[in-house]
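Residue indices begin at 1 and follow the sequence shown. Just so you know, ligand 1 is whichever comes first in the structure, and atom 1 is the first atom listed for that ligand.
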Amino acid sequence: MIVMKFGGTSVGSAEAIQQVVEIVRKYRERDLLVVLSAMSTVTDSLREMAAEACGGTEPSSSLSALRKRHDETIRALAEGEERNRALEVCEGLIDELSGILHGITLLKELSPRSVDLVSSFGERLSVVVVSAALRSAGLSSLPVDAREYVKTNERYTEAEVNFAETERRLSAGLVPMVSDGRIPIITGFIGSTDEGVTTTLGRGASDYTASLVAGAIQAEEVWIWTDVDGAMTADPRMVEDARVLKEISYLEAAEMSYFGAKVLHPMTMQPAVKQEIPIRIRNTFRTENGGTVISSRTFEAPLGVKAVTSIDRLCLIVVEGTSLSRTPDTHARLFKTTAERKTQVIMITQASSEHDICLVVDEKDSQGTVRALKKEFRHEVAEGSLEEISVQPDLAVVAVVGGGMKGTPGIAARTFGILGEHGVNIIAIAQGSSELNISFIVERNDLQKTVQLVHASFGLGEDGDFE
Ligand code: ASP
Ligand code: MG
């Protein structure tokens with residue numbers, strides 16, 4: 001059995017869904033289970049509708065646009081009985097949504113719980129559309145509402161899955177459908193609490209649903225169909241000769257996504273990783289490409305490095321003081337402060353002199369975080385034991401990633417050597433002891449040049465078996 005997940009753009013129009021139909025037809029014999037996102041932009045627009053309703057205005061024009069888009073897509077793809085049935089189901093869903101939005105308009109109140117209910121309609125609609133298209137093409141499929149199977153806690157908008165119960169339900173419910181020769185078309189992203197209240201697993205979480213399904217039914221592979229060719233050696237907008245990586249390990253994929261490459265969020269892979277199920281990333285619109293396989297086994301790149309990734313628009317917050325080494329609770333208080341603000345700390349460095357601690361954060365978090373830190377450490381700053389909490393703006397982090405880096409000497413030397421030769425100044429450096437990546441901070445202005453230089457110096461653009 002193979003679990004195939006199609007993202008928002010892959011189901012975003014009648015033409016795209018036609019591609020999905022062809023893909024499903026092609027791999028039909030392998031026993032498929034399909035997980036879908038909402039049609040592209042639908043989740044955003046549902047959330048906007050909910051917000052508008054909360055402000056007291058009925059979002060009538062957005063609602064009719066939503067109705068029209070699903071309606072027209074069904075008419076373009078399905079015929080006869082299938083078409084009528086799907087139109088009717090969608091109509092019913094939109095009426096239900098309209099009632100909920102009306103309620104929000106009257107109450108002028110929007111809880112995370114209601115946001116989840118409203119957001120759930122995107123996937124609930126897309127499975128009806130795609131299933132109708134498949135059936136009209138003679139492929140026996142049926143829409144499946146994941147809320148019956150994916151059980152979560154009540155942390156609305158980012159609910160946590162009850163794995164044991166979810167796995168049990170998914171395998172008991174879905175495997176018989178596949179054995180009966182049908183293709184379940186499952187809503188990604190959504191689940192429900194023990195009481196049956198609708199929840200969502202976080203934005204972009206359809207990948208997670210796919211991985212949950214795969215883990216539960218012990219699928220051979222998960223295929224994530226999207227609009228890119230796979231994981232790449234670098235961002236192709238920055239590096240002309242960036243290439244698709246044929247194979248990477250789970251760990252490499254995780255490192256790459258932490259550092260800005262749009263691979264798969266590590267959490268979404270977890271259920272598949274646990275069972276060592278390979279995950280394949282493929283392009284719905286370029287099926288001739290094999291994509292990237294992410295698994296526990298992978299080749300080692302000749303120089304140990306597989307990719308150079310980066311995150312732009314960052315700031316460095318520097319906490320400086322002679323007394324840092326003497327006040328062991330400084331770190332605890334520092335991270336308590338960032339945690340309370342929900343500031344994501346992208347990188348941390350501290351030299352062993354313990355004279356300063358550097359935190360790398362997103363530009364948009366920097367002012368607020370510095371304010372909070374100044375408040376937390378106001379006494380230390382007043383008495384002079386902390387000299388300064390300052391910000392350095394306009395930075396970017398670059399990460400050199402590869403499983404083969406572990407124990408391979410010379411990677412840092414090569415990286416920093418080439419940058420030194422070209423006058424790129426390195427502001428801070430970090431390497432986790434996993435040795436899967438070396439990350440460092442440069443000025444934004446140097447970002448593209450840095451990525452290009454490192455990409456070239458490790459020969460990542462060159463042909464060879466390492467694609
Ligand atoms: N439709 C949801 C979102 O936009 C889930 C997904 O696309 O994976 O966040
Ligand atoms: Mg999406």
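- Nearest to atom 6 (C) of ligand 1 by heavy atom, out of Ser40, Ser206, Gly7, is Ser206.
- Which parts of ligand 1 touch Thr43 is read off a 4.0 Å heavy-atom cut-off, strictly below it: atoms 1 (N), 2 (C), 3 (C), 4 (O).
- Residues Thr338 and Thr343 bring no donor and acceptor atom of their side chains to less than 3.5 Å of each other.
- Every heavy atom of Gly122 sits 4.0 Å or more from the atoms of ligand 1.
- Side chains of Arg147 and Arg124 form a contact here, defined as non-hydrogen atoms less than 4.5 Å apart.
- Here Ala205 has backbone heavy atoms under 4.0 Å from ligand 1, and that is the only part of it that gets that close.
- Distances between N or O atoms of Gly202 and those of ligand 1 include no value under 3.5 Å.
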Just do the salt bridge (Lys or Arg N to Asp or Glu O under 4.0 Å) check on Glu79 and Arg83 with the steps written out, would you? CA-CA 5 Å; Glu79 275 150 28; Arg83 175 194 280 189; 5.9 Å; no

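- Remark: ligand 1 and Ser37 share an N or O pair separated by less than 3.5 Å (distance only, no angle test).
- Proximity to Gly204 (heavy-atom distance under 4.0 Å) selects the following atoms of ligand 1: 3 (C), 5 (C), 6 (C), 8 (O), 9 (O).
- Using a 4.5 Å cut-off on side-chain heavy atoms (C-beta onward), Leu460 and Val308 make contact.
- Taking all heavy atoms of Met39, Glu123, Arg203 into account, the minimum distance to atom 5 (C) of ligand 1 is reached by Glu123.
- Side-chain contact between His70 and Val42 is present, with at least one heavy-atom pair separated by less than 4.5 Å.
- Between Tyr27 and Trp223, the ring-plane angle classifies as perpendicular under the 30° and 60° cut-offs.
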